[in-house]
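Keep in mind that the numbers below use all heavy atoms, side chains included, and drop hydrogens, waters and symmetry copies.
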Amino acid sequence: MDNQNPSDIAAVLNEALPYIQRFAGKTVVIKYGGNAMTDPHLQRCFARNIVLMKHIGIDPVIVHGGGPQIGNLLSALGIESNFINGMRVTDDKTMEVVEMVLGAQVNKTIVSMINQAGGHAVGLTGKDAGLIRARPLEMTDAVTTNRIDLGLVGEVESIDPTILKTLDDGGFIPVIAPIGVGENGSSYNINADLVASKVALVLKAEKLLLLTNTTGILDRDGTLLTGLSPAQVNSLIEDGTIAGGMLPKVHCALDAVASGVNSVQIIDGRVENAILLELFTQSGVGTQILPH
């Protein structure tokens with residue numbers, strides 16, 4: 001920074017100012033996952049980005065994943081991981097590991113690094129204050145139409161945003177582990193993208209950011225696509241361009257924009273300061289999905 005031309009700094013600030021003003025007082029929900037969670041340098045960048053957002057008047061709410069960390073501990077314990085359509089089949093033993101990793105290890109690490117960067121983060125699971133009510137995720141075989149048993153994999157039944165609004169109003173940054181609670185008190189493992197989408201909906205968020213390990217949605221030639229409408233996204237799903245692990249993210253993005261979120265951005269968490277680049281530059285980064 002010391003060697004940077006002052007005129008360059010002024011240009012950056014002038015470009016960022018309209019976007020800072022646009023998002024001031026608004027909520028931005030961020031799904032935090034991928035390399036951004038495991039690379040120490042990117043972890044520090046993420047924490048600083050989040051703290052800066054809060055300082056300038058934007059209310060960030062973080063929903064985090066932890067799939068690789070869960071897989072590593074399951075492997076160490078000799079518990080096999082099975083996936084169906086991108087969802088981890090979750091029996092009782094696996095659920096114990098999920099709660100241990102997401103609710104304790106990963107969540108506390110994120111809270112700690114944001115606080116070390118000067119923020120005031122508070123860690124939650126969906127079980128805290130009745131935040132996330134869950135029910136079993138229903139999935140059927142596309143060929144046989146038989147129900148697929150995913151065990152304790154859930155979907156969001158409802159979200160009570162009271163605790164999130166209280167934390168935001170108090171100057172705190174909520175960090176949510178995607179674990180829900182069922183009617184009988186059972187814990188459910190919920191896809192973090194799905195939770196982030198539902199949180200964005202109930203908080204009437206201005207924007208939902210999904211951090212990934214890719215540059216965004218690519219066409220068959222590897223070119224980045226952006227400014228997509230739901231109709232265009234559905235066409236890309238139908239022709240197989242969007243497939244595999246990108247499908248849950250895209251479906252969550254479509255749900256979010258259909259429910260009132262102004263835009264969803266799928267961005268590359270491997271890019272340093274990707275969040276700030278997306279929010280405060282004209283070009284942004286990644287793939288933007290719009291309501292129309």
Side-chain angles (χ1 to χ4, degrees), residues 31-40 42-43 46 62-113 123-128 130-144 146-157 175-199 210-214 243-252 269-270:
K31 186 299 182 93
Y32 180 45
N35 283 54
M37 283 185 67
T38 56
D39 180 283
L42 293 175
Q43 288 176 341
F46 174 83
I62 300 160
V63 178
H64 66 81
Q69 294 91 332
I70 292 169
N72 290 340
L73 184 53
L74 287 171
S75 179
L77 295 172
I79 301 173
E80 184 178 358
S81 292
N82 294 306
F83 291 87
I84 299 176
N85 293 342
M87 300 293 183
R88 186 190 302 275
V89 179
T90 306
D91 59 14
D92 289 336
K93 289 184 177 179
T94 302
M95 191 66 227
E96 289 179 10
V97 172
V98 169
E99 290 203 78
M100 185 187 310
V101 173
L102 293 184
Q105 176 191 335
V106 175
N107 191 272
K108 291 183 184 301
T109 297
I110 297 169
V111 167
S112 177
M113 69 187 192
L124 304 162
T125 76
K127 299 172 72 173
D128 293 318
L131 174 59
I132 303 174
R133 299 289 300 183
R135 59 182 173 232
L137 177 65
E138 303 234 347
M139 184 179 290
T140 56
D141 187 284
V143 177
T144 67
N146 292 333
R147 182 180 181 276
I148 298 173
D149 185 7
L150 296 169
L152 294 171
V153 175
E155 63 180 348
V156 176
E157 183 172 57
V175 180
I176 305 168
I179 299 167
V181 60
E183 287 186 355
N184 60 356
S186 296
S187 298
Y188 284 93
N189 179 20
I190 308 177
N191 178 276
D193 296 314
L194 176 60
V195 171
S197 174
K198 298 300 185 183
V199 168
L210 302 174
L211 271 65
T212 71
N213 284 345
T214 70
M246 184 60 76
L247 280 172
K249 296 183 186 303
V250 168
H251 285 306
C252 291
R270 300 169 299 180

For the atom pair CG (Leu137) and OH (Tyr188), what is the distance rounded to the nearest 0.5 Å? 10.5 Å
Please check this pair: side chain of Ser75 against backbone of Gly71, looking for a donor-acceptor N/O pair closer than 3.5 Å. no
Using the side-chain contact (heavy atoms from CB on, under 4.5 Å) rule, pick out the option among Val101, Val98, Ile79 that qualifies with Leu74. Ile79
Gln69 side chain near Thr38 side chain, heavy-atom distance below 4.5 Å: yes
Do the charged groups of Lys127 and Glu99 touch, with an N to O distance under 4.0 Å? yes
Going by heavy atoms in the side chains, are Ile70 and Leu102 under 4.5 Å from each other? yes
Just so I know, are the side chains of Met113 and Phe46 near enough to count as touching, which here means a heavy-atom distance under 4.5 Å? yes
Met37 vs Val106 side-chain heavy atoms within contact, under 4.5 Å: yes
Is there a side-chain contact between Ile110 and Tyr32 (heavy atoms, below 4.5 Å)? yes
How about Ile132 and Val195: do any of their side-chain heavy atoms sit closer than 4.5 Å? yes
Quick one: NE2 on His251 to CG on Leu247, what's the gap to the nearest 0.5 Å? 5.0 Å
Less than 4.5 Å apart, side chain to side chain, heavy atoms only: is that true for Lys31 and Leu211? no
More than 12 heavy atoms of other residues, nucleotides or ligands under 6.0 Å from CG of Asp92: is that the case? no
Give a yes or no answer on whether the side chain of Arg88 reaches the backbone of Val153 with a donor-acceptor pair at less than 3.5 Å. no
Do Asp91 and Thr94 have side-chain N/O donor and acceptor atoms under 3.5 Å apart? yes
Asn107 side chain to Val175 main-chain N or O, any donor-acceptor pair under 3.5 Å? yes
Does the side chain of His64 come within less than 4.5 Å of Ile176's, by heavy atoms? no
Answer yes or no: is there a donor N or O on one side and an acceptor on the other, between the side chain of Arg135 and the main chain of Glu157, under 3.5 Å? no
Quick check: does any side chain N or O of Asn72 sit under 3.5 Å from a backbone N or O of Pro68, one acting as donor and the other as acceptor? yes
In this structure, SG of Cys252 is separated from NZ of Lys198 (nearest 0.5 Å) by 8.0 Å
